[in-house]
Amino acid sequence: MSVEARRLAVLCAHLNPTRLLPDPPSSPRVSLTGSACASDSDTQNHTLQNDCVFCKIIRDQSPAVKLYEDDMCLCILDTSPLSHGHSLIIPKSHFPSLDATPPSVVAAMCSKVPFISNAIMKATGCSMYFNTCSFNLLVNNGAAAGQVIYHTHMHIIPRKAYDCLWASESLLRRRLNLEDEKVSQLAARIQKQLLPSDICQDSKNESFCSSKS
């Protein structure tokens, strides 16, 4: 599978998000009561929420197969899956991308991954290695990364051995030369961008930040 074909597959997984695949005979559709998407006084953001397919699903204005729901998050089946059981974890509040999503919301999404993924893996019979289920946890953040629906979401993609889902898995990677000056310069530029952020307010990072100031 070429890189272009793989990216197309990722993009196509979002192009028709309201189209439902028929339910398997042995697996009845599970649907839970939805909640209203978080409101916002900003007119532009309110318009985005009204047009957002995920917000419509959260408000029960668009159909979806819901697997899990709580006050913060919703998990649904992807309607154009890359693998059997491909699911999405979506925050109920509207944020256009992961980098624009508050840490508390990201934490709520991530905290559900072990619980939800374990259920999906058992239901789909994904590969097990050393008692560990196989799946990809994927976020497409921004257009260049393949994001099509601009409402933060995480993909849980079940995997089976030798399914050849990602072409990149067959590519050889070049080992990073830790002594390379360009590598040191790159690390320094990233660290410089981290310093002014809230990371330095975290007591756990005080020693790191002070050493770089």
Side-chain angles (χ1 to χ4, degrees), residues 1-21 34-40 42-59 61-70 72-113 116-117 120 135-159 163-169 171 190 193-194 197-199:
M1 186 179 188
S2 67
V3 174
E4 291 79 12
R6 177 173 61 82
R7 177 168 180 177
L8 179 62
V10 174
L11 293 175
C12 286
H14 304 285
L15 291 181
N16 190 15
T18 59
R19 179 178 62 82
L20 289 178
L21 294 177
S35 308
C37 201
S39 60
D40 195 296
D42 182 76
T43 303
Q44 182 179 5
N45 192 49
H46 183 68
T47 301
L48 287 172
Q49 291 184 36
N50 286 338
D51 294 337
C52 173
V53 64
F54 287 162
C55 288
K56 289 179 180 179
I57 289 173
I58 291 165
R59 295 192 298 261
Q61 295 174 349
S62 290
V65 179
K66 299 180 181 181
L67 305 178
Y68 172 85
E69 185 171 9
D70 60 25
M72 295 284 288
C73 304
L74 176 68
C75 180
I76 64 174
L77 286 177
D78 193 302
T79 57
S80 296
L82 293 174
S83 67
H84 186 52
H86 181 173
S87 304
L88 307 174
I89 299 179
I90 306 165
K92 287 190 170 180
S93 299
H94 181 90
F95 303 102
S97 59
L98 187 68
D99 55 300
T101 305
S104 59
V105 177
V106 176
M109 295 170 66
C110 291
S111 69
K112 304 301 183 300
V113 171
I116 296 175
S117 64
I120 294 172
F135 66 94
N136 286 118
L137 186 65
L138 175 67
V139 176
N140 298 325
N141 195 77
Q147 184 177 4
V148 175
I149 298 178
Y150 288 89
H151 180 129
T152 301
H153 55 288
M154 262 177 208
H155 298 255
I156 296 178
I157 306 173
R159 299 297 304 274
D163 59 14
C164 300
L165 186 58
W166 308 124
S168 60
E169 292 173 346
L171 299 178
I190 296 173
Q193 293 301 315
L194 289 173
S197 71
D198 292 338
I199 193 171

Of all the heavy-atom pairs spanning [X] and [Y], show the shortest one and how long it is.
X: L67; Y: L77; result: CD1-CD2, 3.7 Å
X: A64; Y: I76; result: CB-CG2, 4.2 Å
X: Y150; Y: G142; result: OH-C, 4.3 Å
X: A108; Y: M72; result: CB-CE, 3.8 Å
X: A145; Y: N140; result: O-OD1, 3.3 Å

Are any non-hydrogen side-chain atoms of [X] and [Y] less than 4.5 angstrom apart?
X: D70; Y: K112; result: yes
X: M154; Y: C110; result: yes
X: I58; Y: H94; result: no
X: L88; Y: H86; result: yes
X: I116; Y: S87; result: no

F135 vs I120, test: side-chain contact (heavy atoms from CB on, under 4.5 Å). Steps then yes/no. CA-CA 10 Å; F135 66 94; I120 294 172; over 6 Å; no
- Do F95 and V106 pass the side-chain contact (heavy atoms from CB on, under 4.5 Å) test, and can you show the C-alpha distance, the side-chain angles, and the key distance before you say yes or no? CA-CA 11 Å; F95 303 102; V106 176; over 6 Å; no
Fill in: L82 vs H155, side-chain contact (heavy atoms from CB on, under 4.5 Å): CA-CA, chis, key distance, verdict
CA-CA 10 Å; L82 293 174; H155 298 255; 6.0 Å; no
Rounded distance [0.5 Å steps], [atom1] in [X] versus [atom2] in [Y]:
X: Q61; Y: C52; atom1: CD; atom2: SG; answer: 11.0 Å
X: I157; Y: W166; atom1: CD1; atom2: CH2; answer: 4.0 Å
X: L137; Y: I89; atom1: CG; atom2: CD1; answer: 7.0 Å
X: C75; Y: E69; atom1: SG; atom2: CD; answer: 10.5 Å

When I57, T101, I90 are each screened for side-chain contact (heavy atoms from CB on, under 4.5 Å) with H151, the one that passes is I90
Requested in this report: Can you label the angle between the F54 ring and the H153 ring as parallel, tilted or perpendicular, going by 30° and 60°?
Outcome: perpendicular
Quiz item: S83 side chain to R159 main-chain N or O, any donor-acceptor pair under 3.5 Å?
Solution: no
